[in-house]
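Here is the structure we will look at.
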Amino acid sequence: MITEVLLEQLEEDASSAVLFQGFLEPGAQAAQALLVLGKVARTRFWMPPSMVNRLIAESDPVFTADRTTLRAEAFSPCCGLYARLDLLEAGDLGEGCTNVDLSEATRTVLAGVVAQDPLHLTVRGEGIRLRTLDGQNDEAVVPLPDRWVSGFAEVAAVTAGAVEKAELDKAEARNFLRRLPTSVGQSWAVASGRGLRLTSRSGRDSIPATGLHRLRVVEPLVRFAQGLTVYTRPDSEVATWVLRLERARLVVTLSPELSRGFSGEGGWLNALAAGLEAPELVAGRAGHDVVDGTWFPRELPSGAAPANGRLAKARELLAAGAVQRLPDGGYEITRAGSVQRVRLSPAGCTCAWWAKHQENRGPCSHVLAARMSAAES
């Protein structure tokens, strides 16, 4: 009877194709999950000194449908936390993508969904409509921040190839999530019985967990948790935490440090320098599902990934003839009075970038230029 009332009142604008139209079940869980995404998009975990007096709000969840799964994704404004809600049994789905703002009015509608209340969602190219017993609200498509486009590409780069490192059942997952740290700290997660505990020392099977306090953003969903699975790659600085829910999952990937947003990483630089021709990857138009190890299309409605400065500089160095091969097999790169020495195996450079990051954030422009030179010779 309740669902019939909602459907009788439903009058949808048919100006564009429907990506999804139906009830999200369980309604209270779905409402809280969408609220978590909205909170992610409004929470800045790192504040650069230059932005103390210049706050930027980028609350723009992206909804994507690919005929198998309805997904909603968001980054924190600092781009250090990526969250994605996968609705696994959403019903009939179209194909497409839209980007909206979860306004205060929409959050109020979602917050009113409790217990067995129904939640009806319509997703179209021009926006979404949420309907509950207490009201409804529409959100129109809004511009997508360019940093998010870069972030989508870089998250895919760090999760591709990740493997399962830990799986917690419902009780252990809820216990672990309720004991998350409340402050910043460098830490790793290690197996402890059937669960996980945090330690200040890294080990062979440890999971990177620096800045894990950011995961507390999922607290409203802990009561719905059916389990927790963690994925990472060997020697990676990044882990992905997957909260298993009824008919859904929430995927959260944390950057290695609070000050390192995904949009500034360089996971695709080597491949681009080697001539990678896969624009959908570096333009954020292909997402990676770490659980299934598969890729899904994400035809973003707007936004463009800014050109990577290191790749552009490497190409400039090569074009200017600044890259010279040395008799010992290394390279000397001279530009504007600066001289840097590069070796390719093992990789290394005398520049300040390499001294600080090595290749954890992708190579420096000098190593890139040397690799490109080597490929041409």
Side-chain angles (χ1 to χ4, degrees), residues 36-37 40 43 45-46 73-76 78-86 151-169 172-192 194-219 221-222 225 227-245 249-267 287-294 357-362:
V36 165
L37 282 183
V40 165
T43 303
F45 297 97
W46 167 254
E73 305 171 275
F75 279 99
S76 60
C78 57
C79 263
L81 187 153
Y82 163 78
R84 187 184 76 239
L85 174 64
D86 295 342
F152 283 137
E154 293 301 331
V155 166
V158 299
T159 61
V163 297
E164 181 181 311
K165 291 290 290 185
E167 183 174 11
L168 280 60
D169 62 20
E172 291 293 343
R174 294 182 181 186
N175 183 47
F176 178 77
L177 292 170
R178 286 171 175 148
R179 294 186 292 108
L180 289 172
T182 58
S183 58
V184 180
Q186 186 176 36
S187 60
W188 290 263
V190 295
S192 178
R194 293 182 301 160
L196 290 172
R197 64 177 178 85
L198 298 181
T199 177
S200 59
R201 297 181 181 180
S202 64
R204 185 170 58 90
D205 294 321
S206 59
I207 298 168
T210 294
L212 195 61
H213 68 288
R214 292 173 287 179
L215 194 58
R216 294 178 68 90
V217 74
V218 308
E219 281 182 342
L221 288 172
V222 172
L228 179 70
T229 311
V230 192
Y231 298 81
T232 189
R233 293 190 304 199
D235 302 320
S236 175
E237 298 180 291
V238 174
T240 296
W241 307 78
V242 180
L243 187 64
R244 303 195 303 275
L245 305 167
R249 59 183 175 235
L250 185 74
V251 179
V252 178
T253 304
L254 302 175
S255 66
E257 301 172 14
L258 296 186
S259 60
R260 286 173 59 177
F262 284 112
S263 59
E265 300 294 289
H288 182 257
D289 188 336
V290 71
V291 178
D292 299 330
T294 57
H357 302 294
Q358 289 79 51
E359 209 158 1
N360 293 331
R361 302 187 68 178

For A225, all residues meeting side chain to side chain contact (heavy atoms under 4.5 Å, CB included), sequence neighbours excluded: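 So A225 forms a side chain to side chain contact (heavy atoms under 4.5 Å, CB included) with R174, L243.
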Which distance, rounded to the nearest 0.5 Å, do you find between the [atom1] of [X] and the [atom2] of [Y]?
X    : Y    : atom1 : atom2 : result
W46  : S259 : CH2   : OG    : 5.0 Å
T232 : D205 : OG1   : CG    : 11.5 Å
L228 : W241 : CG    : CH2   : 7.0 Å
L258 : R260 : CG    : CZ    : 11.5 Å
T210 : L254 : OG1   : CG    : 10.0 Å
L180 : R216 : CG    : CZ    : 6.5 Å

Can you tell me which residue among E265, E154, E237 is in a side chain to side chain donor-acceptor pair (under 3.5 Å) with R361?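 When side chain to side chain donor-acceptor pair (under 3.5 Å) is applied between R361 and each of E265, E154, E237, only E265 qualifies.
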Option among R249, E164, R244 that satisfies the side chain to side chain donor-acceptor pair (under 3.5 Å) test with T229: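 The option that passes is R244.
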Checking [X] side chain against [Y] main chain: does a donor-acceptor pair fall under 3.5 Å?
X    : Y    : result
S76  : G80  : yes
T253 : Y82  : no
R194 : E167 : no

If I compare all heavy atoms of [X] with all of [Y], which pair ends up nearest, and what's the gap?
X    : Y    : result
A166 : L196 : CB-CD2, 4.0 Å
W188 : S200 : CZ3-O, 3.2 Å
V290 : T159 : CG2-O, 4.0 Å
S236 : P208 : O-CG, 3.5 Å

Can you name the ring-ring contact (aromatic ring centres under 6.0 Å, His included) partners of F262, sequence neighbours left out?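 So F262 forms no ring-ring contact (aromatic ring centres under 6.0 Å, His included) with any residue.
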Ignoring hydrogens and geometry beyond distance, is a side-chain donor-acceptor pair present between H213 and T182 at under 3.5 Å?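 Looking only at side-chain atoms, T182 and H213 do not form any donor-acceptor pair under 3.5 Å.
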Can you see whether S255 engages R214 through a side-chain donor-acceptor pair at a distance of less than 3.5 angstrom?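 S255 vs R214: donor-acceptor pair found between side chains.
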Does the pair R178/E219 count as a salt bridge with the N-to-O cut at 4.0 Å?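 Result for this pair is no, no salt bridge flagged.
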Kindly indicate whether the side chain of V230, heavy atoms from C-beta on, has any atom under 4.5 Å from the side chain of V242.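 A side-chain contact under 4.5 Å is absent here.
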Partner residues of R84 under the salt bridge (Lys or Arg N to Asp or Glu O under 4.0 Å) criterion, sequence neighbours left out: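 So R84 forms a salt bridge (Lys or Arg N to Asp or Glu O under 4.0 Å) with D86, D289.
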